[in-house]
Student: 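Questions regarding the structure given below will be posed in turn.
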There are 2 protein chains.
Amino acid sequence: MTPFERPPIGMNLGRTAKLVAQAFDAALVEAGGTLPVWLTLLSVKSSKLANQRELAGMIGIQGATLTHHLNAMEAQGLLTRRRDPVNRRVHLVELTAAGEALFETLRQAALVFDKRLRTGLPDERLAEFAKVLAALRENVES
Amino acid sequence: MTPFERPPIGMNLGRTAKLVAQAFDAALVEAGGTLPVWLTLLSVKSSKLANQRELAGMIGIQGATLTHHLNAMEAQGLLTRRRDPVNRRVHLVELTAAGEALFETLRQAALVFDKRLRTGLPDERLAEFAKVLAALRENVES
DNA sequence: CGCTTATAATTAGATATCTAACTGTTCGAT
DNA sequence: ATCGAACAGTTAGATATCTAATTATAAGCG
């Protein structure tokens, strides 16, 4: 697969991330959600009364993509959108009781999954790993 | 963003991989390709006369997705498909001259990108990084 | 003020991916 | 030798994502 001197690190990274994301999504589906739903709930929970632009930035998707998820989740009764009276351009997103409940369920699933992912990996190795991830982001931002 | 004791490693991994993949795709677009086109060319080149099932496995996508890319690339004149006379179920994929040329161009772009990605990261750190990636795949496969 | 520019969100349309169902081909077991 | 299971690929339809264009609102400036 590699007509290169060294195995390209981006390919390894991308492949692993895909497998991990698929496994995580499967775990969330089992718990009654999906990965994008979880990320949306998490971003709304983590920032009281953020607007959609900020939420999308937190998740790492575009505003248009978030609109799409919010439409579905609003239709499912997981959250509400209302205009900010102070600035009528922005929509304030809030979880309903059902949204809060799903958040809690998925949070448990996420904790279990995170534990599974860390199996056999001591904190210091994971810390070094996170540093390399940060360096890769740096190298790519320029 | 994290109502967790520790920052979940999957999220960090996913976010970084996405940024890296987007930057890589941008570099490939600049060189006249895209990420899936590059991966397809690479898989065809790396395995003389593989069938589509094997190619898809190499890339890490489903057969149906590969069919989609092959249709487009065949229409663009980058490759050809013909039935294997030995087993008429399988389609053998081969690059045209244009496909070979694009492969070479994108390979150069990939080399440049890989070098950019490695900036400031000595081989030993990258080796440890790759080991953790492998461990994560292990932890998720179970 | 009134006009231009900037901002927040949505809409429209494209691409990449998946799963499930279908088509065609081969193989194996009776 | 035939028929059913397995296999390779395609097709159909869904989801997630992106960019570009549009709508509505706000802010700045002359």
Side-chain angles (χ1 to χ4, degrees), chain A residues 14-15 17-26 28-30 33-41 43-44 47 49-76 79-94, chain B residues 14-15 17-26 28-29 33-41 43-44 47 49-76 79-93:
Chain A
R15 192 61 166 280
K18 183 173 183 174
L19 289 171
V20 168
Q22 284 173 341
F24 186 33
D25 186 65
L28 291 171
V29 165
E30 192 134 344
T34 65
L35 184 44
V37 163
W38 161 243
L39 291 174
T40 304
L41 291 172
S43 69
V44 172
S47 71
L49 289 187
N51 64 39
Q52 296 186 199
R53 196 162 208 64
E54 292 166 344
L55 296 177
M58 240 180 285
I59 301 176
I61 58 179
Q62 295 306 119
T65 305
L66 182 62
T67 292
H68 183 250
H69 294 307
L70 292 179
N71 286 343
M73 292 171 71
E74 191 171 28
Q76 285 179 263
L79 49 82
T80 59
R81 279 183 280 192
R82 56 175 233 273
R83 298 198 103 104
D84 183 344
V86 173
N87 179 348
R88 292 184 40 75
R89 282 173 302 187
V90 343
H91 283 186
L92 300 175
V93 179
E94 284 170 301
Chain B
R15 191 64 167 279
K18 183 174 183 175
L19 290 171
V20 169
Q22 284 173 340
F24 186 33
D25 186 65
L28 291 172
V29 165
T34 65
L35 184 44
V37 163
W38 161 242
L39 291 174
T40 304
L41 291 173
S43 69
V44 173
S47 71
L49 289 186
N51 65 37
Q52 296 185 200
R53 195 160 208 66
E54 291 166 343
L55 296 177
M58 239 179 285
I59 301 176
I61 58 179
Q62 294 307 119
T65 304
L66 182 62
T67 293
H68 183 250
H69 294 306
L70 292 179
N71 286 344
M73 291 171 72
E74 192 171 28
Q76 286 179 264
L79 49 82
T80 60
R81 277 182 282 191
R82 55 175 233 273
R83 297 198 104 104
D84 184 345
V86 173
N87 179 346
R88 290 184 40 75
R89 281 174 302 188
V90 342
H91 284 185
L92 300 176
V93 180

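These figures come from a predicted structure and were not determined experimentally. Just so we're on the same page: letters track the sequence lines, and every chain starts at 1.
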Student: B/Leu19 CG to D/dC18 C1': how many Å, rounded?
Tutor: 14 Å
Student: Please confirm whether the backbone N or O of A/Thr34 pairs with a side-chain atom of A/Asp25, one donor and one acceptor, at under 3.5 Å?
Tutor: no
Student: Can you list the residues that meet the side chain to side chain donor-acceptor pair (under 3.5 Å) rule with A/Arg81, with sequence neighbours excluded?
Tutor: A/Asn71, A/Glu74
Student: Rounded to whole Å, how long is the line connecting atom CG of A/Leu55 with atom C1' of C/dT10?
Tutor: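 Computing the A/Leu55:CG to C/dT10:C1' distance gives 15 Å.
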Student: Could you go step by step and tell me if B/Val93 and B/Gln52 meet the side chain to side chain contact (heavy atoms under 4.5 Å, CB included) rule?
Tutor: CA-CA 8 Å; B/Val93 180; B/Gln52 296 185 200; 4.1 Å; yes
Student: Does a side chain donor of either B/Arg53 or B/Asn51 reach within less than 3.5 Å of an acceptor in the other side chain?
Tutor: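 B/Asn51 and B/Arg53 do not have a side-chain donor-acceptor pair below 3.5 Å.
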Student: Pairs under 3.5 angstrom, nitrogen or oxygen only, protein versus nucleotides 11-17 of chain D, please.
Tutor:
{"residue": "D/dT17", "atom": "OP2", "partner": "A/His69", "partner atom": "NE2", "Å": "2.4"}

Student: In whole angstroms, how far is the C1' atom of D/dT25 from the NE2 atom of A/His91?
Tutor: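 For the pair A/His91 NE2 and D/dT25 C1', the rounded distance is 10 Å.
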Student: With no hydrogens and no angle check, is any side-chain donor or acceptor of A/Arg83 less than 3.5 Å from a backbone partner on A/Arg88?
Tutor: yes
Student: Of A/Leu66 and A/Arg89, whose nearest nucleotide on DNA chain C comes first from the 5' end?
Tutor: A/Arg89
Student: Counting just side-chain N and O atoms, does B/Asn87 come under 4.0 Å of either OP1 or OP2 of D/dA8?
Tutor: no
Student: Could you state the atom-to-atom distance from CZ of A/Arg81 to C1' of C/dA9 in whole Å?
Tutor: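 These atoms are roughly 9 Å apart.
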Student: Send over the distance from B/Gln52 CD to D/dG9 P, rounded to a whole Å.
Tutor: 5 Å
Student: Do any N or O atoms from the side chain of B/Gln22 and from the backbone of B/Leu19 form a donor-acceptor pair under 3.5 angstrom?
Tutor: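 The answer is no, because no donor-acceptor pair under 3.5 Å joins these two groups.
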Student: Verify, without hydrogens or angle tests, whether A/Asp84 (side chain) and A/Leu92 (backbone) share a donor-acceptor contact under 3.5 angstrom.
Tutor: no
Student: Specify the separation, in whole Å, of atom CG of B/Asn51 and atom P of D/dT10.
Tutor: 11 Å
Student: Can you see if the side chain of B/Arg53 gets near the phosphate of D/dA8 - specifically, an N or O under 4.0 Å from OP1 or OP2?
Tutor: yes
Student: For D/dG9, does either OP1 or OP2 sit under 4.0 Å from a side-chain N or O belonging to B/Arg83?
Tutor: no
Student: Classify the side chain of A/Arg88 and the base of D/dT25 as holding, or not holding, a donor-acceptor pair under 3.5 Å.
Tutor: no
